[in-house]
Amino acid sequence: MIESILEKYPFVQRDNIIPILQDIQKNYGFLSEESIIKVGKYLNMPTSKIYGLATFYNQFRFEAKAKYHIRICNGTSCHINSNLIIINEIKKRLGIENGGITKDGLFSLEETTCMGACGLGPVMAINERYYTEVNVNKIPEIIEYYLNNDK
Ligand code: FES
(Lines give C-alpha, C1' and ligand atoms only; values in the text may rest on other atoms or scores of the structure.)
Protein backbone atom coordinates (compact mmCIF):
# COMPACT_ATOMS: atom_id res chain seq x y z
CA MET A 1 0.00 0.00 0.00
CA ILE A 2 1.24 3.46 -0.88
CA GLU A 3 0.00 4.70 2.51
CA SER A 4 2.30 2.34 4.38
CA ILE A 5 5.25 3.65 2.38
CA LEU A 6 4.27 7.26 3.09
CA GLU A 7 4.01 6.52 6.81
CA LYS A 8 7.71 5.70 6.81
CA TYR A 9 8.47 9.34 6.03
CA PRO A 10 6.65 11.36 8.69
CA PHE A 11 9.11 14.25 8.75
CA VAL A 12 10.00 14.52 5.10
CA GLN A 13 10.34 18.03 3.72
CA ARG A 14 8.69 19.09 0.48
CA ASP A 15 12.10 19.57 -1.13
CA ASN A 16 13.25 16.08 -0.23
CA ILE A 17 10.70 13.77 -1.78
CA ILE A 18 13.07 11.67 -3.91
CA PRO A 19 13.48 8.90 -1.28
CA ILE A 20 9.70 8.50 -1.14
CA LEU A 21 9.45 8.20 -4.91
CA GLN A 22 12.36 5.73 -4.95
CA ASP A 23 10.66 3.65 -2.29
CA ILE A 24 7.39 3.56 -4.24
CA GLN A 25 9.18 2.59 -7.44
CA LYS A 26 11.11 -0.13 -5.62
CA ASN A 27 7.84 -1.64 -4.42
CA TYR A 28 5.68 -1.16 -7.50
CA GLY A 29 8.23 -0.99 -10.31
CA PHE A 30 6.99 2.40 -11.48
CA LEU A 31 5.24 5.59 -10.35
CA SER A 32 1.56 5.38 -11.14
CA GLU A 33 -0.65 8.43 -11.44
CA GLU A 34 -2.45 7.28 -8.32
CA SER A 35 0.79 7.09 -6.34
CA ILE A 36 1.84 10.58 -7.43
CA ILE A 37 -1.53 12.00 -6.42
CA LYS A 38 -1.24 10.35 -3.01
CA VAL A 39 2.27 11.70 -2.48
CA GLY A 40 0.98 15.15 -3.39
CA LYS A 41 -1.89 14.90 -0.90
CA TYR A 42 0.42 13.59 1.80
CA LEU A 43 2.88 16.47 1.37
CA ASN A 44 0.24 19.02 0.46
CA MET A 45 1.92 19.64 -2.88
CA PRO A 46 0.35 19.97 -6.34
CA THR A 47 0.56 16.80 -8.45
CA SER A 48 2.20 18.78 -11.24
CA LYS A 49 5.06 19.70 -8.92
CA ILE A 50 5.67 16.03 -8.02
CA TYR A 51 5.63 15.08 -11.71
CA GLY A 52 7.99 17.94 -12.48
CA LEU A 53 10.47 16.74 -9.90
CA ALA A 54 10.18 13.07 -10.84
CA THR A 55 10.65 13.67 -14.56
CA PHE A 56 13.80 15.65 -13.83
CA TYR A 57 15.49 12.41 -12.72
CA ASN A 58 15.64 9.73 -15.37
CA GLN A 59 15.61 6.96 -12.75
CA PHE A 60 11.83 7.10 -12.51
CA ARG A 61 9.36 5.22 -14.68
CA PHE A 62 5.73 6.12 -15.18
CA GLU A 63 4.55 2.95 -16.87
CA ALA A 64 4.27 -0.60 -15.63
CA LYS A 65 6.99 -3.01 -16.50
CA ALA A 66 6.19 -6.23 -18.26
CA LYS A 67 6.76 -9.64 -16.74
CA TYR A 68 10.14 -9.66 -18.47
CA HIS A 69 11.68 -6.23 -18.41
CA ILE A 70 14.54 -5.84 -20.86
CA ARG A 71 17.11 -3.18 -20.08
CA ILE A 72 19.70 -2.50 -22.71
CA CYS A 73 22.67 -0.26 -22.23
CA ASN A 74 22.89 2.78 -24.43
CA GLY A 75 26.05 4.14 -22.81
CA THR A 76 29.04 5.30 -24.81
CA SER A 77 31.10 2.14 -24.56
CA CYS A 78 28.21 -0.14 -25.53
CA HIS A 79 27.36 2.27 -28.30
CA ILE A 80 30.86 1.82 -29.71
CA ASN A 81 30.28 -1.93 -29.46
CA SER A 82 27.33 -1.68 -31.85
CA ASN A 83 24.53 -1.81 -29.29
CA LEU A 84 22.16 -0.16 -31.77
CA ILE A 85 22.07 -3.35 -33.83
CA ILE A 86 20.92 -5.22 -30.71
CA ILE A 87 18.40 -2.54 -29.73
CA ASN A 88 16.91 -2.46 -33.22
CA GLU A 89 16.68 -6.23 -33.40
CA ILE A 90 14.79 -6.37 -30.10
CA LYS A 91 12.46 -3.59 -31.19
CA LYS A 92 11.79 -5.35 -34.47
CA ARG A 93 11.21 -8.77 -32.89
CA LEU A 94 8.92 -7.51 -30.15
CA GLY A 95 7.28 -4.71 -32.11
CA ILE A 96 7.88 -2.12 -29.39
CA GLU A 97 9.85 1.05 -28.93
CA ASN A 98 11.92 2.23 -25.98
CA GLY A 99 9.58 2.45 -22.98
CA GLY A 100 7.06 0.19 -24.68
CA ILE A 101 5.39 -2.98 -23.54
CA THR A 102 4.23 -5.87 -25.75
CA LYS A 103 0.48 -6.38 -26.12
CA ASP A 104 0.63 -9.65 -24.20
CA GLY A 105 2.37 -7.87 -21.33
CA LEU A 106 5.34 -10.22 -21.46
CA PHE A 107 8.14 -7.88 -22.51
CA SER A 108 8.99 -4.25 -21.95
CA LEU A 109 12.02 -2.38 -23.18
CA GLU A 110 14.12 0.29 -21.56
CA GLU A 111 17.29 1.82 -22.95
CA THR A 112 19.48 2.78 -20.02
CA THR A 113 22.62 4.71 -19.25
CA CYS A 114 25.83 2.79 -18.45
CA MET A 115 25.10 -0.50 -16.69
CA GLY A 116 28.58 -0.72 -15.24
CA ALA A 117 30.14 -3.47 -17.35
CA CYS A 118 31.61 -1.38 -20.15
CA GLY A 119 34.40 -3.84 -20.98
CA LEU A 120 31.81 -6.53 -21.66
CA GLY A 121 29.45 -4.66 -23.94
CA PRO A 122 26.99 -4.66 -25.44
CA VAL A 123 25.23 -5.32 -22.14
CA MET A 124 21.59 -6.08 -21.54
CA ALA A 125 19.52 -7.52 -18.73
CA ILE A 126 16.18 -9.25 -18.53
CA ASN A 127 14.85 -8.77 -15.03
CA GLU A 128 17.84 -9.64 -12.82
CA ARG A 129 19.71 -11.73 -15.38
CA TYR A 130 22.55 -10.00 -17.20
CA TYR A 131 23.79 -10.76 -20.71
CA THR A 132 27.21 -9.50 -21.78
CA GLU A 133 28.93 -9.29 -25.14
CA VAL A 134 25.51 -9.73 -26.68
CA ASN A 135 25.55 -10.78 -30.28
CA VAL A 136 22.60 -9.96 -32.52
CA ASN A 137 22.38 -13.62 -33.54
CA LYS A 138 21.70 -14.55 -29.91
CA ILE A 139 18.61 -12.35 -29.58
CA PRO A 140 16.09 -14.85 -31.03
CA GLU A 141 17.42 -17.56 -28.74
CA ILE A 142 17.27 -15.33 -25.66
CA ILE A 143 13.70 -14.22 -26.37
CA GLU A 144 12.64 -17.79 -27.15
CA TYR A 145 13.98 -18.87 -23.80
CA TYR A 146 11.58 -16.54 -21.99
CA LEU A 147 8.67 -17.45 -24.25
CA ASN A 148 9.23 -21.17 -23.68
CA ASN A 149 9.71 -20.87 -19.96
CA ASP A 150 6.78 -18.58 -19.35
CA LYS A 151 4.35 -20.13 -16.87
S1 FES B 1 28.44 1.78 -21.52
FE2 FES B 1 27.32 -0.07 -21.47
S3 FES B 1 27.93 -0.97 -19.61
FE4 FES B 1 28.96 0.94 -19.63
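When a ligand or atom number is given, it counts from 1 through the structure's own listing order. All heavy atoms count here, side chains included; hydrogens, waters and symmetry mates do not.
By the 30° and 60° cut-offs, the orientation of the rings of Y68 relative to F107 is tilted.
Ligand 1 places these atoms under 4.0 Å from at least one heavy atom of C78: 1 (S), 2 (Fe), 3 (S). The ligand atoms of ligand 1 that sit less than 4.0 angstrom from a heavy atom of C114 are 1 (S), 3 (S), 4 (Fe). Within the listing of ligand 1, atoms 1 (S) sit less than 4.0 angstrom from a heavy atom of S77. When each atom of ligand 1 is checked for a heavy atom of C73 under 4.0 Å away, the hits are 1 (S), 2 (Fe), 3 (S). Each of the following atoms of ligand 1 lies closer than 4.0 Å to a heavy atom of G116: 3 (S).
With respect to K91 and E111, a salt bridge is recorded, a charged nitrogen being found less than 4.0 Å from a carboxylate O.
Proximity of A117 to ligand 1 is established by a heavy-atom distance of less than 4.0 Å.
Between the side chains of R129 and Y146, no donor N or O sits under 3.5 Å from an acceptor N or O.
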| task | Please lay out, stage by stage, how I86 and S82 fare under the test side-chain contact (heavy atoms from CB on, under 4.5 Å). | result | CA-CA 7 Å; I86 312 289; S82 307; over 6 Å; no
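Taking every heavy atom of both residues into account, P10 and Y42 meet most closely at CA-OH, 3.6 Å.
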